[in-house]
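Below is one structure, written out as structure tokens; comments come after it.
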Amino acid sequence: MLKSQCPDQALGISRLGIRAWSLIRHSAFVIRHFPPIIQCFVTPTRGHEVTMAEKIKTRAEDYSQWYLDIIKHANLADNSDVRGCMVIKPHGYAIWEKMQRGLDRLFKDTGHVNAYFPLFIPKRFLEKEAEHVEGFAKECAIVTHHRLIPKPGGKGLMPDPKAELSDDEQLVIRPTSETIIWNTYKNWIQSYRDLPLLINQWCNVVRWEMRTRLFLRTAEFLWQEGHTAHATQKEAEEEAHRMLEVYRTFAEDWMAMPVLTGPKSDGQKFPGAIYTLCIEAMMQDHRALQAGTSHFLGQNFAKAFDVKFQSAEGKLEYAWATSWGVSTRLVGGLIMTHSDDQGLVLPPRLAPIHVAIVPIFKKPEEKVAVLKAANELAAGIRAIPLGDWLNYDPIVVKVDDREQYQPGYKFNEWELRGVPVRVELGPKDIEKNACVLARRDVPGKEGKEMGVPLAGAPTRIIEILKSMQTSLFEKAKKMRDAYSYEVNRWDEFKQKIEEPGGFLWAHWDGTRATEDRIAAETKATIRCIPFNRPQEKGKCILTGEPSEGRVVFAKAY
RNA sequence: CGGGGCGUAGCUCAGUUUGGCUAGAGCGCAUGGUUUGGGACCAUGAAGUCGCAGGUUCGAAUCCUGUCGCCCCGACCA
């Protein structure tokens with residue numbers, strides 16, 4: 001019966017065996033021309049969603065491909081020709097810039113200043129702190145020569161043997177800067193009056209990773225690293241906790257990404273630290289992402305680099321240290337926390353573009369009227385001060401007046417790029433002095449508001465942006481809570497970590513050996529020993545030994 | 001670094017088994033026209049050192065060796 005009503009469908013089906021696309025493309029055609037028929041034919045799938053499938057794999061189909069597709073099609077980054085390194089494209093970099101600005105202000109508000117230390121670190125510096133050396137030695141890029149010469153006989157260049165650096169001169173590209181910085185602090189710190197020293201640097205670092213993944217783990221990445229020196233242990237520990245709280249604030253209030261906070265187990269801490277605090281988030285595939293770390297370094301680096309100061313009592317003492325960092329990995333976390341199968345979803349406070357206005361017109365006189373209204377509306381939105389909420393940055397409104405694309409194409413494109421609010425403005429709206437608003441976090445019709453009066457649109461848009469910021473957080477938190485379990489039996493642990501995955505709150509005997517065994521059997525590691533865990537003694541999930549409280553296990557990125 | 005898969009136009013891929021005419025398609029791109037409220041259509045056109053380097057051969061995208069890169073699974077990993 002369907003065939004007789006619409007011969008095109010039969011054609012589409014017969015092509016299926018030859019090429020899947022034929023059917024898909026063909027059904028898109030059918031939809032436009034025979035709207036009543038599709039309902040029984042392709043059921044709920046709308047034409048543009050089928051087309052989207054050409055570009056983005058769904059999360060259910062292939063989560064890691066979905067992640068890569070989003071990055072590619074939202075124009076965030078490319079793989080480069082350099083092994084393990086990425087090119088961050090303007091739209092991706094704009095997100096990082098937003099993060100930098102937000103974080104930098106939080107750092108400044110807590111008394112920190114920025115400085116810059118060298119990219120090259122003398123190898124001998126790295127050797128000075130035993131645990132630190134061991135932690136980083138395996139993944140260093142090393143500078144051994146300082147000149148290239150033509151290869152004998154052939155094309156190409158080679159390091160000049162005469163320009164080889166002596167063992168003592170060899171440099172590593174910084175994997176982190178504790179050593180060069182503490183070597184410098186030796187000269188800056190003499191008296192307790194020089195403390196605390198609260199310094200941050202924005203820079204790149206290199207870690208020679210075996211397997212890389214855009215934004216989440218690359219050989220070179222961008223980050224900030226704070227390095228502070230204090231007169232007392234108490235002050236340094238407070239600093240480490242304060243900066244973790246800064247990270248939590250940024251993750252939750254700006255990125256709308258809920259995080260657990262707490263110390264790492266000894267097995268997971270930073271090499272050279274007394275302890276490491278972390279923020280830990282859950283991605284949509286229920287794996288954990290370490291999103292930031294803050295370390296209490298004790299006097300380890302002060303001792304290694306002989307950083308002593310004279311106290312008020314006139315005694316010579318070693319300084320107490322912290323370091324803390326977040327990286328472009330946050331961009332990966334942001335993508336995996338909020339995005340959907342249509343593309344990128346960005347929380348408004350970090351969106352490089354907040355509002356896209358899509359004008360719709362056919363006739364020249366319509367074009368004039370619509371563009372005028374669009375520009376006036378854009379000006380009206382820009383005129384609303386958002387102050388602190390957007391870090392005193394202007395709200396960015398784009399009037400998409402490109403004429404080579406149709407409105408439908410633009411709708412999809414702005415969705416793909418994660419613009420929080422889209423305005424649709426055409427002749428029908430102009431007649432009513434109104435417009436249509438669509439919010440990115442609610443896909444389809446439910447996310448659209450029709451007939452919003454133009455005069456009130458700017459304030460309505462701001463309301464939507466603000467509500468979107470909180471609802472993205474709530475949605476992410478709901479997902480995390482839905483995949484967090486208290487687990488008490490080992491078989492249950494093994495089964496849950498496999499399917500559906502998530503955060504497993506389980507008792508642990510506190511030993512490295514047990515942690516390693518659990519990791520070996522299940523690939524789950526201790527992500528965090530949450531500050532807010534309930535007071536509850538118990539028995540270790542694996543060994544049955546006494547446990548002080550539950551820790552959070554998960555598979556991690 | 002181990003196992004598997006894959007590198008052909010910006011993207012997705014066909015062609016490789018069995019070497020042989022001038023290397024193809026769709027999408028995208030450019031130009032012109034018709035279009036424009038959820039990814040428009042027609043016409044014309046541009047675009048490739050077949051990942052790279054050697055080798056075998058009269059002849060290599062195709063066979064051989066090496067190498068680089070990507071994806072998946074391990075190992076590794078603030």
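The side chain of A/E209 lies closest to B/C77, out of B/A78, B/C77, B/A75. The side chain of A/L68 lies closest to B/C71, out of B/G74, B/G38, B/C71. With distances taken from any side-chain atom of A/T176 to the nucleotides B/C70, B/C72, B/A78, the minimum falls on B/A78. Comparing B/A78, B/G39, B/G37 against the side chain of A/P427 picks out B/G37 as the nearest. Set against B/C29, B/C70, B/A40, the side chain of A/Q406 has B/A40 as its closest nucleotide. Proximity note for A/T293 (side chain, C-beta onward) versus B/C77, B/U35, B/A78: the nearest is B/A78. For A/R422, the listed nucleotide lying nearest its side chain is B/G38; candidates were B/G37, B/A78, B/G38. Residue A/N412 places its side chain closer to B/G38 than to any other of B/G38, B/C70, B/G37. Proximity note for A/K523 (side chain, C-beta onward) versus B/A75, B/U36, B/A78: the nearest is B/A75.
With hydrogens and angles ignored, a donor-acceptor pair closer than 3.5 Å exists between the side chain of A/D429 and the base of B/G37. Between the side chain of A/R207 and the base of B/C77, no donor-acceptor pair under 3.5 Å is found. Judged by atom type and distance alone, A/E415 reaches the base of B/G38 through a side-chain donor-acceptor pair under 3.5 Å. For B/G38, its base sits under 3.5 Å from the side chain of A/K448 at one donor and acceptor pair at least.
Within 4.0 Å (heavy atoms only), A/R402 reaches no atom of the nucleic acid at all. If you check every strand for non-hydrogen atoms under 4.0 Å, A/S64 touches sugar and phosphate atoms only. Residue contacts shown for A/V436 include a base, since a base heavy atom lies under 4.0 Å away. A/G272 comes within 4.0 angstrom of nothing in the nucleic acid, heavy atoms only. Using a 4.0 Å heavy-atom criterion, one finds that A/K138 contacts the sugar-phosphate atoms exclusively. Across all strands shown, A/W324 has no heavy atoms under 4.0 Å from either base or sugar-phosphate atoms.
Residue A/C435 is the one, among A/C435 and A/Q290, whose nearest nucleotide of RNA chain B lies closer to the 5' end (criterion: closest heavy atom). If you find the closest nucleotide of RNA chain B to A/C85 and to A/E139, the one lying nearer the 5' end belongs to A/C85.
In summary, the aromatic rings of A/W202 and A/W96 are positioned with their centroids under 6.0 Å apart. Centroid-to-centroid, the aromatic rings of A/H286 and A/Y63 stay 6.0 Å apart or farther.
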With salt bridge (charged side-chain N to carboxylate O under 4.0 Å, His left out) as the criterion, how do A/E129 and A/K303 come out once you've worked through the C-alpha distance, each side chain's angles and the decisive distance to 0.1 Å? CA-CA 9 Å; A/E129 212 285 331; A/K303 285 177 179 164; over 6 Å; no

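Applying the side chain to side chain donor-acceptor pair (under 3.5 Å) criterion to A/E366, with sequence neighbours excluded, gives no partner residue. Under the rule for a side chain to side chain donor-acceptor pair (under 3.5 Å), A/Q406 has no partner lying at least two apart in sequence or in another chain.
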